[in-house]
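Some notes on the structure that comes next.
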Amino acid sequence: MRFSVSLTGVFSAGLFVGLGLCAPSWQNGLQVRGPGSCYTPSNRACWSPGFDINTDYETKTPAGTVRTFNWEVTEHDNWPGPDGRVKSKVMLVNNQYPGPTLTADWGDTVVVNIKNSLRLNGTSFHWHGIRQLGTNIQDGTNGVTECPFPPGSTKTYTFKLTQYGTTWYHSHFSAQYGNGVFGSIVINGPASLPWDIDLGPYPINDYYLPTADQIVLQTQHTLAPPPSDNVLFNGTNINPAGSGGAYSRITLTPGKRHRLRLINPSVEHNYQVSIVGHDMTVISTDLVAVNAYTTSSVFLGVGQRVDVTIDASQKAGNYWMNVTLPASGLCGSSLNPKPAAIVHYSSVANGIPTNPGTVPPDSGCRDSLNYTPVVTRQVSLDQFTPGVKNTLDVTLDTTPLVIWKINNTAIDVDWDKPVLDYVLQGNTSYPASENVVIVNQKNVWTFWVIENQSVVPHPIHLHGHDFLVLGASATGAGSFTAADKASLKSTNPTRRDVSMLPGNGWLVLAFRADNPGNWLLHCHIAWHISGGMSVDFLERVSEQKAQISSADLTAYRNNCAAWRNYFDHSGLHKIDSGL
Ligand SMILES: *[C@@H]1O[C@H](CO)[C@@H](O)[C@H](O)[C@H]1NC(C)=O
Ligand SMILES: *[C@@H]1O[C@H](CO)[C@@H](O)[C@H](O)[C@H]1NC(C)=O
Ligand SMILES: *[C@@H]1O[C@H](CO)[C@@H](O)[C@H](O)[C@H]1NC(C)=O
Ligand SMILES: *[C@@H]1O[C@H](CO)[C@@H](O)[C@H](O)[C@H]1NC(C)=O
Ligand SMILES: *[C@@H]1O[C@H](CO)[C@@H](O)[C@H](O)[C@H]1NC(C)=O
Ligand SMILES: CC(=O)N[C@H]1CO[C@H](CO)[C@@H](O)[C@@H]1O
Ligand SMILES: [Cu+2]
């Protein structure tokens, strides 16, 4: 049994590749939709004939099936809440907090019908990390790729899952996801390490009693964000006073290897996760399968996902799972000083753990860049000349309001006139407030230096691509210099869709211009993007119009007309960037 060996060292996916991925009998079999019979607990590297962990999913995707979901977003006052305290207002998908999990297989096409039954707010649903190859119009970014859809209306999103792993969806209508409009996405596919039991998605997020709108207004006047009132694990926790709520309990089966899909759908907190007495083995970062990497704690910035395996190989008992916020307080602080859940072995009674364990080494709110993708990528740094054309400086105004700028501009989208309107009209007179960055060269790697004038670290997220994280400086390193180029990693660096910009430091990213559309690059702290911290990459937009079906175009236009008809007569006002 594999549990007789301890999981030290780094496993390589190649090990399992060598064991023969798909049995030869499968190779000439029928085209399977979904997992083939080779996808077993002892061989998760295989998926179906012709598809396995080594398949380049950016060029080859299984046929898949169509899966339809019907959701409704509703608004509730005086919600009882999961931690024993009443919350004045929430907005929920299908009355669930977090919203329903969207589960599908690699290659499937999903159709999501969403009814907006909110009282006043529009909404828009973004599918975080989904590549949307050729389907920028399905990206769900209001003011960019669509108008918000108004109360009483239903919108349908349709897109193909070319990647696999764990991700999430959330509203992109201002900070609305902070009111509860978010949920998990599981895309079943091959894995770099065998496992027995999939425990499913496990969101861990900051939780506030005031509404997201109230905190947006507060953070426009005060730089330091308020501490969270709690941190929820899989939607629950006891409250810090211990006067209500319930711990989340993860049940392990002794002797088995479990897959846990950690997701950080917070609005502000970037943290480390550790389990007393147990290592975790990382097998995926965001939607990128990585060679198994065993560690005692994992870091998750806002928006990031880390899929881990956990072996139930310790003495049967109850153990704490802890979340640790970096000591600086710059990556979030909570009125729950020691947020925790319980990891419980099924062979013993439920109980409160007694061993407090050891606090993990302080990450300083920096990402681990030790992860190596199974499907490799390589760039040539000869093609990277740092300069004004690829430098994006982050700056901050604090008077009269707190405003976050990239390249000297705070984004401020127009819900009534998305940037897509300009693309469709071929109108290149983009308002400065759209903060566009033009990328016209076809299929080349584009390089971006993001620099920081603020002491606050930022989780930087890109739509429509996984980026290569070529490097990130130490905290306080200042600007990127020509000499820093030598420190960048160009051979199979960590690849994902969110990475941390260190406080007063730099982050260098690369993505390939292979997906025409207009894609945001933004800080995923809700209060920062609300305050303007985003650019909009206009990637080969001259090719975009031809990609849009007439049905999608009609739906887009009809929705924008309905939105303007609603909002322009509502007496309501946009209070932030709109994102
Ligand atoms: C959004 O909804 C909230 C709660 O109903 C309301 O207070 C706010 O004014 C709305 N904002 C917009 C822009 O619709
Ligand atoms: C998370 O919560 C859901 C809904 O209550 C539950 O079905 C699932 O088993 C929980 N996940 C874990 C890992 O405990
Ligand atoms: C884990 O959480 C528990 C409960 O809050 C706490 O008693 C313990 O000290 C924490 N351990 C670590 C390592 O943070
Ligand atoms: C292009 O957009 C600008 C800014 O919205 C607008 O003033 C102008 O009329 C547009 N041009 C055309 C030809 O529609
Ligand atoms: C930053 O803004 C300046 C002035 O508008 C512009 O010339 C430059 O191209 C922008 N930088 C990028 C990376 O787009
Ligand atoms: C480009 C830029 O603004 N860089 C700044 C990053 O932060 C350091 C430390 O505050 C400054 O020295 C750099 O000028
Ligand atoms: Cu930020």
Side-chain angles (χ1 to χ4, degrees), residues 174-175 177-178 205-206 208 212 215-228 231 264-272 299-304 323-335 362-369 391-411 435 448-462 469 471-480 496-509 520-535 576-577 579:
S174 292
Y177 83 85
N205 66 293
D206 48 12
Y208 300 80
I215 304 174
V216 161
L217 291 173
Q218 188 181 342
T219 54
Q220 286 172 352
H221 293 94
T222 319
L223 184 54
S228 67
V231 174
N264 183 351
S266 292
V267 285
E268 202 261 344
H269 288 5
N270 309 278
Y271 52 70
Q272 268 162 289
F299 178 85
L300 284 108
V302 179
Q304 290 184 326
V323 153
T324 308
L325 288 159
S328 67
L330 294 171
C331 257
S333 62
S334 181
L335 296 175
D362 196 328
S363 65
C365 209
R366 295 181 75 254
D367 254 350
S368 167
L369 300 185
T391 299
L392 296 168
D393 284 347
V394 176
T395 51
L396 175 66
D397 282 356
T398 50
T399 47
L401 292 178
V402 175
I403 298 285
W404 294 90
K405 297 177 178 174
I406 302 184
N407 197 25
N408 287 317
T409 304
I411 204 168
N435 214 10
W448 304 96
V449 180
I450 301 161
E451 293 178 321
N452 196 5
Q453 261 197 345
S454 95
V455 69
V456 182
H458 302 277
I460 302 295
H461 171 52
L462 176 63
V469 189
S473 71
T475 301
S479 302
F480 184 81
R496 59 191 317 170
D497 57 54
V498 181
S499 191
M500 296 301 298
L501 169 63
N504 286 140
W506 51 261
L507 173 69
V508 180
L509 308 174
L520 291 187
L521 173 101
H522 66 88
C523 173
H524 219 298
I525 292 175
W527 326 133
H528 294 179
I529 181 174
S530 160
M533 193 172 166
S534 180
V535 292
D576 64 2
S577 70
L579 294 166

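Counting from 1, the numbers follow the sequence of the chain as shown. On a predicted model such as this, the values are computed, not experimentally measured, just so you know.
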Any donor-acceptor N/O pair, R366 side chain to G503 backbone, under 3.5 Å: no
L223 side chain near L396 side chain, heavy-atom distance below 4.5 Å: yes
Check: L579 main-chain N/O paired with S174 side-chain donor or acceptor under 3.5 Å: no
Over all atoms of both residues, closest heavy-atom pair of D576 and A175: OD2-N, 4.3 Å
Least distance between heavy atoms, S228 atom then S334 atom: OG-OG, 2.8 Å
Heavy-atom side-chain proximity of D367 to V469 below 4.5 angstrom: no
pair N264-V498: side-chain heavy atoms closer than 4.5 Å: no
Minimum-distance pair of heavy atoms, taken over all atoms of C331 and P457: SG-CG, 3.9 Å
Plane angle bin for H458 and W404 - parallel if under 30°, tilted between 30 and 60°, otherwise perpendicular: perpendicular
Spacing of CG belonging to L501 relative to SG belonging to C365, to within rounding of 0.5 Å: 10.0 Å
Option passing side-chain contact (heavy atoms from CB on, under 4.5 Å) with S266 (candidates N205, I525, L300): N205
Criterion side-chain contact (heavy atoms from CB on, under 4.5 Å) on D497 and L462, from CA distance to verdict: CA-CA 6 Å; D497 57 54; L462 176 63; 5.8 Å; no
Interatomic spacing from CG in L521 to CD1 in I529 - rounded to 0.5 Å: 9.5 Å
Backbone N/O of V267 and side chain of D206: donor-acceptor pair under 3.5 Å: yes
Check: V449 and V508 side chains under 4.5 Å, non-hydrogen atoms: yes
Pairwise side-chain contact, S499 with L507, heavy-atom cut-off 4.5 Å (strictly under): yes
Distance in Å, S534 OG paired with H461 NE2, rounded so as to fall on 0.5 Å steps: 10.0 Å
Expected output: side-chain Q220 to main-chain L401 donor-acceptor under 3.5 Å: no
Side-chain (N435) to main-chain (I406) donor-acceptor, under 3.5 angstrom: yes
Donor-acceptor contact present, side-chain E268 to main-chain P225, <3.5 Å: no
A472 to M500 - nearest heavy-atom pair and separation: CB-O, 4.4 Å
Where A410 and K405 come nearest, the two heavy atoms and their spacing: N-CG, 3.7 Å
E451 side chain vs F480 backbone, donor-acceptor pair below 3.5 Å: yes
Nearest-0.5 Å distance that lies between atom CH2 in W527 and atom CD1 in I215: 4.0 Å
Minimal non-hydrogen separation, Q218 against P226, with atom names: NE2-CB, 3.7 Å
Backbone N/O of V216 and side chain of T219: donor-acceptor pair under 3.5 Å: yes
Under 3.5 Å donor-acceptor, H528 side chain and H524 backbone: no
Results of disulfide (SG to SG under 2.5 Å) for C523 - residues two or more places apart only: none
Donor-acceptor contact present, side-chain N270 to main-chain V302, <3.5 Å: yes
D362 side, atom CG; F299 side, atom CZ - distance, nearest 0.5 Å: 10.0 Å
S363 side, atom OG; L325 side, atom CG - distance, nearest 0.5 Å: 9.5 Å
